[in-house]
Amino acid sequence: MGKNLYVTTAIPYVNGAPHIGHAMDYLLADIWARYQVQNGHKVRFQIGTDEHGNKNAMKAAEQGVSPQEFVDKMYLPFKEMAEKVGSGYTDFIRTTDPHHRGAVQYIWQQLKPHIYKNTYEGWYCTGCEQFYTDKEVQMTNGICPNHQKPYEHLSEENYYLRASDFTDKIREAIETNKMRIIPEFRKKEVLELIKDGVKDVSISRPRKSLSWGVAVPDDPEQVMYVWLDALSNYLTVIGYPDHEEWREYWPADVQVVGKDILRFHAIIWPAILLGIGVSLPKRILAHGFVNIGGSKISKSLGNGIDPHEIIDQYGVDAFRYYFARHIPTTDDGDFTWEKFELAYNNELGNDLGNLVQRVAAMITRYQAGVIGDSPQAEHDMGPYREAIEQFRFNDALNVTWNTVRSLNQYLDQVKPWEIAKERDTNTEAAQHLSDVLAHAASTLLQVADLLTPFMPTTATSIRTLFETSVVPADVKPLFPKIYLHTPDPKAPKTT
RNA sequence: GGCACCGUAGCUCAGCUGGUUAGAGCGCAGGACUCAUAAGCCUGAGGUCACAGGAUCGUUCCCUGUCGGUGCUACCA
């Protein structure tokens, strides 16, 4: 019935701790995946870690462990983070997995017609172990600011991927939306970037300057550079090339990436795919960044927000809710504890939580918990679906909240508590009351459906209250008020 | 420098291809109620739609310029 769909997230480099940006990747992909699963599709959902490269090797050396031992330790927090935000991923890849390494070497073989060797010349800092552009060298007067050493003019052999061969195909795929870049303005940026043609890309380094990586087939002196290794994960994780099942999921339906790495996914990655004769992904979703109080997250400012703290204090669903509704999917968004707590207390506590509570309480109080029969509430799902399918997740939640608001208004209009006063003496009133409350319960079940991709736990809680014919006796508040970062308004006012 | 975008109520933002009194949420003020997490509901105050020209019968919404801000990208020195 449903078709197979595949969603991917960018694999972070493990040389550091996961932060809110990674959580956004996991969350956005997960919302999309849950929505598709809800609609009967089989979804494969990949996450993983990028583990090769000098930075890891250096850190490992500092700690006196092998690179493998180092990454074996460093990848775990990313997995934990994904699980903590409730990501229901199906596949976790590490680029150090033996299957991946082998598969990347296979990809290299397939790419061979498009690979050539060339000499790279540039300014090299032996401390940083990397090349710098002429501009950077000039701006620092020829001395590396990190190491206080002059740059050396070096030349080294690299293999290059002739990505330029694919300029026309890539451009066409983007222009015609065969490979759709979302949002539209990012698509324009990419097209602008390749208007003079796609540049060939270096895909290897001499082993002497990059030891921790996948060996280039048939050339022991060269090791694969990050992009070929890392980007290939999207294919290798689902079994390419040796497990045929990869064909059931590729091309990916959506590849979620941060705006900073869009270019690699929109240009180099398609070049690789075209080079090995595999079709391009259908969509690339570039999301924005999360600012903290209007400023970029930076370690030196110490303004980072730890997703763990939010989730530990307010729960996963509150976390998912805020970042889905108050951070626009494709633009930058802002987090402050004030905004978060306002949304939590007002929207989750007052609007939704209290609504669930008041309906459950009335059914319990007036009808001993028995929910009457009600025709399935009919709602126009169009705007909601449209919003999700266009990745306007915040709008989908706005639509959901309209339903919540409407039900609150409905209850105030019909006043079940008034009707209830006559239910013992008037059978018509009793029936009316039953209908009203059944309608309310039915609407809340609808809300639960709408919330499922965003707040799976909450959706389940609501369903368990209303999906059987009897409301459980002890109903606990879904979102108890929390005032950890803002003053409690119930506290005495100071005017 | 090039390309793209934005500047609308205190705040965050909607306003499709131009058409009578410019919208929402939050925040703020007031009101009626009591089923509910003192929640929710109703009403209200608040905008020269950055600025200046132009085209149009008519523009927040089209064109030009100015000022201010953002993203991507390039580069001189």
Side-chain angles (χ1 to χ4, degrees), chain A residues 133-136 138-139 141 181 183-196 199 258-263 266-267 286-289 291 293-296 322 325-328 330-336 338-367 369 383 386-387 392 394-395 397-402 404-421 423 433 436-437 440-441 444 465 471 475-483 486-493 495:
Chain A
T133 62
D134 290 349
K135 182 192 173 189
E136 284 169 312
Q138 283 184 351
M139 294 208 355
N141 294 316
I181 296 175
E184 198 70 14
F185 70 92
R186 296 286 175 212
K187 166 180 167 180
K188 285 183 190 167
E189 285 177 6
V190 173
L191 286 172
E192 173 72 14
L193 207 54
I194 60 172
K195 71 170 193 286
D196 296 324
K199 293 186 182 72
K259 62 180 184 182
D260 54 328
I261 53 172
L262 171 63
R263 53 161 62 196
I267 301 171
H287 71 253
F289 291 158
N291 295 323
S295 312
K296 288 183 178 171
Y322 185 85
R325 188 174 189 193
H326 294 285
I327 307 291
T330 54
D331 290 299
D332 289 356
D334 195 41
F335 177 95
T336 65
E338 288 69 27
K339 286 179 182 174
F340 178 83
E341 208 157 72
L342 205 60
Y344 175 87
N345 285 318
N346 289 1
E347 295 162 18
L348 294 179
N350 294 345
D351 295 343
L352 176 63
N354 178 62
L355 174 61
V356 168
Q357 192 81 352
R358 71 194 294 210
V359 171
M362 283 192 280
I363 293 173
T364 299
R365 181 162 161 177
Y366 302 145
Q367 301 180 166
E386 202 175 305
R392 290 182 286 106
N394 49 341
D395 280 340
L397 281 169
N398 288 341
V399 169
T400 305
W401 248 251
N402 286 340
V404 169
R405 179 181 295 265
S406 298
L407 183 54
N408 267 322
Q409 291 171 330
Y410 170 79
L411 291 174
D412 274 85
Q413 212 172 10
V414 179
K415 299 183 180 28
W417 51 92
E418 292 287 342
I419 308 173
K421 290 175 184 166
R423 71 185 188 282
L433 179 62
V436 168
L437 294 180
L444 285 174
L465 287 182
V471 174
V475 178
K476 286 182 187 137
L478 252 37
F479 301 100
K481 293 293 174 57
I482 299 176
Y483 296 101
T486 56
D488 184 345
K490 277 184 286 184
K493 273 188 182 174
T495 316

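Fair warning: this is a prediction, and the values are worked out from it, not measured in the lab. Every chain is numbered from 1, with letters handed out A, B, ... down the list of sequences.
For T364(A), the side chain to side chain contact (heavy atoms under 4.5 Å, CB included) partners are V471(A), not counting sequence neighbours. The salt bridge (Lys or Arg N to Asp or Glu O under 4.0 Å) search around E386(A) returns none, not counting sequence neighbours. Here Y366(A) pairs with nothing under the ring pair (Phe, Tyr, Trp, His ring centres under 6.0 Å) rule; sequence neighbours left out. Judged as a side chain to side chain contact (heavy atoms under 4.5 Å, CB included), and not counting sequence neighbours, the contacts of N291(A) are K296(A), D332(A), D334(A). The salt bridge (Lys or Arg N to Asp or Glu O under 4.0 Å) search around D412(A) returns R358(A), not counting sequence neighbours. Scored by the side chain to side chain contact (heavy atoms under 4.5 Å, CB included) test, E347(A) finds Y321(A), R325(A), H326(A), A343(A), D351(A), W401(A) as partners (sequence neighbours excluded). Remark: V399(A) engages P383(A), Y384(A) in a side chain to side chain contact (heavy atoms under 4.5 Å, CB included) (not counting sequence neighbours). In this view, Y410(A) and H439(A) satisfy the ring pair (Phe, Tyr, Trp, His ring centres under 6.0 Å) rule, not counting sequence neighbours.
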- request: Report the C-alpha distance between F335(A) and F340(A) in whole Å, list the side-chain angles of each, state the deciding distance to 0.1 Å, and finish with yes or no for ring pair (Phe, Tyr, Trp, His ring centres under 6.0 Å).
  value: CA-CA 7 Å; F335(A) 177 95; F340(A) 178 83; 5.8 Å; yes
Can you give me every donor-acceptor pair (side chain of residues 187-195 of chain A, partner residue at least two apart or in another chain, under 3.5 Å) with its distance?
from	atom 1	to	atom 2	distance (Å)
K187(A)	NZ	N177(A)	OD1	2.9
E189(A)	OE1	R186(A)	NH1	3.1
E189(A)	OE2	R186(A)	NH1	3.4
E192(A)	OE2	K195(A)	NZ	3.0

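The side chain of K421(A) has U34(B) as its nearest neighbour among A39(B), G71(B), U34(B). When distances are taken from the side chain of R358(A) to each of C42(B), C72(B), C35(B), the shortest belongs to C35(B). Among the nucleotides C33(B), U37(B), C5(B), the one closest to the side chain of L478(A) is U37(B).
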- prompt: Could you write out RNA chain B as a dot-bracket string, with dots for unpaired bases, | for bases paired across to another strand, and Watson-Crick or G-U pairs counted at under 3.5 Å?
  reply: (((((((..((((.....[...)))).((((.........)))).....(((((..]....))))))))))))....
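For A14(B) and A24(B), the P atoms lie 16 Å apart once the distance is rounded to whole Å. Of the C1' atoms belonging to U8(B) and C49(B), the separation is 4 Å, rounded to the nearest Å. Nucleotides G58(B) and U48(B) place their P atoms 23 Å apart, quoted to the nearest Å. Look at the C1' atom in both G27(B) and G46(B): the space between them is 12 Å, to the nearest Å. Separating the C1' atom of G18(B) from that of C57(B) is a span of 12 Å, rounded to the nearest Å. Straight-line distance between the P atoms of U56(B) and G15(B): roughly 29 Å, to the nearest whole Å. Comparing the P positions of A45(B) and C35(B) gives an interatomic distance of 32 Å, to the nearest angstrom. Separation of the C1' atoms belonging to C3(B) and A50(B) is 23 Å when rounded to the nearest angstrom.
Applying a 4.0 Å cut-off to non-hydrogen atoms, the residues of residues 359-366 of chain A that approach RNA chain B are A361(A), M362(A), R365(A), Y366(A), listed by residue number. For the segment residues 341-351 of chain A, the set of residues with a heavy atom within less than 4.0 Å of an atom of RNA chain B comprises L342(A), N346(A), G349(A), N350(A), D351(A), in numerical order.
With no hydrogens or angles considered, a side-chain donor-acceptor pair links T486(A) and E341(A) at under 3.5 Å.
The CG atom of D332(A) sits 12 Å away from the P atom of U70(B) (whole-angstrom rounding). Rounded to an integer number of Å, the gap from L444(A) CG to C35(B) P is 19 Å. Taking atom CD on Q357(A) and atom P on A39(B), their separation rounds to 14 Å, with Å as the unit. For the pair Q413(A) CD and C33(B) P, the interatomic distance rounds to 17 Å; values are reported in whole Å. Distance OH (Y322(A)) to P (C26(B)): 15 Å, rounded to an integer number of Å. Rounded to an integer number of Å, the gap from K187(A) NZ to G71(B) C1' is 18 Å. For the pair N291(A) CG and C11(B) P, the computed distance is 18 Å after rounding to whole Å. Atom CZ in R263(A) sits roughly 10 Å away from atom P in C72(B) (whole-Å rounding).
Remark: side-chain polar atoms of N345(A) are paired, donor with acceptor, to backbone N or O of I482(A) under 3.5 angstrom.
Residues Y344(A) and F479(A) are in side-chain contact: their nearest non-hydrogen atoms beyond the backbone lie under 4.5 Å apart.
Residue Q409(A) places at least one side-chain N or O under 4.0 Å from the OP1 or OP2 atom of C42(B). Between K259(A) and the phosphate of C72(B), there is no side-chain N or O to OP1/OP2 separation shorter than 4.0 Å.
Each of R325(A) and W417(A) was assigned the nucleotide of RNA chain B with the nearest heavy atom; the assignment lying further toward the 5' end belongs to R325(A).
Remark: the N354(A) side chain and the G40(B) base include no donor-acceptor N/O pair separated by less than 3.5 Å.
Applying the 90° cutoff around 0 to the glycosidic angle, G58(B) is assigned anti.
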